[in-house]
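Below is one structure, written out as structure tokens, with a few remarks after it.
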Amino acid sequence: SQQGEEDPQALSIQEGENATMNCSYKTSINNLQWYRQNSGRGLVHLILIRSNEREKHSGRLRVTLDTSKKSSSLLITASRAADTASYFCATDASGSARQLTFGSGTQLTVLP
Amino acid sequence: GAVVSQHPSWVICKSGTSVKIECRSLDFQATTMFWYRQFPKQSLMLMATSNEGSKATYEQGVEKDKFLINHASLTLSTLTVTSAHPEDSSFYICSARVGGSDTQYFGPGTRLTVL
């Protein structure tokens, strides 16, 4: 079952603007990961943040994690039309199975 | 980087037939493979977890007799959709993880359409 929700469900911005997506989850986690999916394609791993980390950067991506609020955010700076895709957070819960549970996703559209 | 392939990338079949989807880790040995299903405009739902050489663990609500999973080697897992029906039409995605690693590597997905 889905771990939690992402908001917004859809986001439309102009090229060059920043895009922020939020993810909430319900249980304790080992780490939280963000993925991108272009329409009809597989998932591309973007970034992983561990439960003892609060912020992480990778290129134009910035991820924050607040375990007290069970929430994370993904910021894409200086967006490009090529960033248009669906973005999913996924939690790797505490436990031996190491399964990922995906959020509901945010559809990002970057207008040229 | 680690690459996971799926075959076929798309398949159209008649209702009642069985379809096999392969998931291969091309340049690493996968201790664990996962199968997901994704309906249009929805998120990925985990169907089952398979470890090499052992029976798959299915998520609640997933029929193990309908979705047969075989993980015969450290580089290959197969999902067979038996007696497929139109409601089984979906995007099936596999992923693979090396033991001890936090990262799952995803295949490109297989689009199944059952007529």
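Below, chains carry the letters A, B, ... as their sequence lines are ordered, and counting in each starts from 1.
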Discussion item. Quick check: is L68(B) connected to V19(B) through a chain of hydrophobic side chains (ILVMFWY, heavy atoms under 4.5 Å apart)?
Written reply: no
Worksheet entry | Contact class of Q60(B) relative to chain A, heavy atoms under 4.5 angstrom | neither
Discussion item. Under a 3.5 Å distance rule, please check whether S43(B) uses its side chain to pair with a backbone N or O of G103(A) as donor and acceptor.
Written reply: yes
Practice prompt. Decide side chain to side chain contact (heavy atoms under 4.5 Å, CB included) for F102(A) and L46(B); before the verdict, give the C-alpha distance in whole Å, the side-chain angles of both, and the deciding distance to 0.1 Å.
Written response: CA-CA 9 Å; F102(A) 283 82; L46(B) 180 66; over 6 Å; no
Item to complete: Pull out the residues in residues 79-95 of chain B that come under 4.5 Å of chain A, heavy atom to heavy atom, sorted by number.
Response: F91(B), I93(B)
Item to complete: Tell me, yes or no, whether the heavy-atom count around H57(A) atom NE2, taken from other residues, nucleotides or ligands under 6.0 Å, exceeds 12.
Response: yes
Practice prompt. Treating Ile, Leu, Val, Met, Phe, Trp and Tyr as nodes and any side-chain heavy-atom pair under 4.5 angstrom as an edge, say whether F106(B) and M33(B) lie in one connected cluster.
Written response: no
Discussion item. Sort by residue number and list every residue of residues 35-48 of chain A having at least one heavy atom under 4.5 Å from chain B.
Written reply: Y35(A), Q37(A), G40(A), R41(A), G42(A), L43(A), H45(A), L48(A)
Item to complete: Using heavy atoms and a sub-4.5 Å threshold, report which of residues 68-75 of chain A line up against chain B, by residue number.
Response: none
Worksheet entry | Crowding at CD, E15(A) (>12 non-hydrogen neighbours, <6.0 Å) | yes
Worksheet item: Pairs in or reaching into residues 75-88 of chain A: which pass side-chain hydrogen bond (donor to acceptor under 3.5 Å, both in side chains), with residues at least two apart or in two chains?
Response: R60(A)-D83(A), S86(A)-Q107(A)
Discussion item. Contact between Q33(A) and Q104(B) at the side-chain level, heavy atoms closer than 4.5 Å - yes or no?
Written reply: no
Response to the item:
One should read off an interatomic distance between L100(A) CG and T103(B) OG1, to the nearest 0.5 angstrom, of 9.0 Å
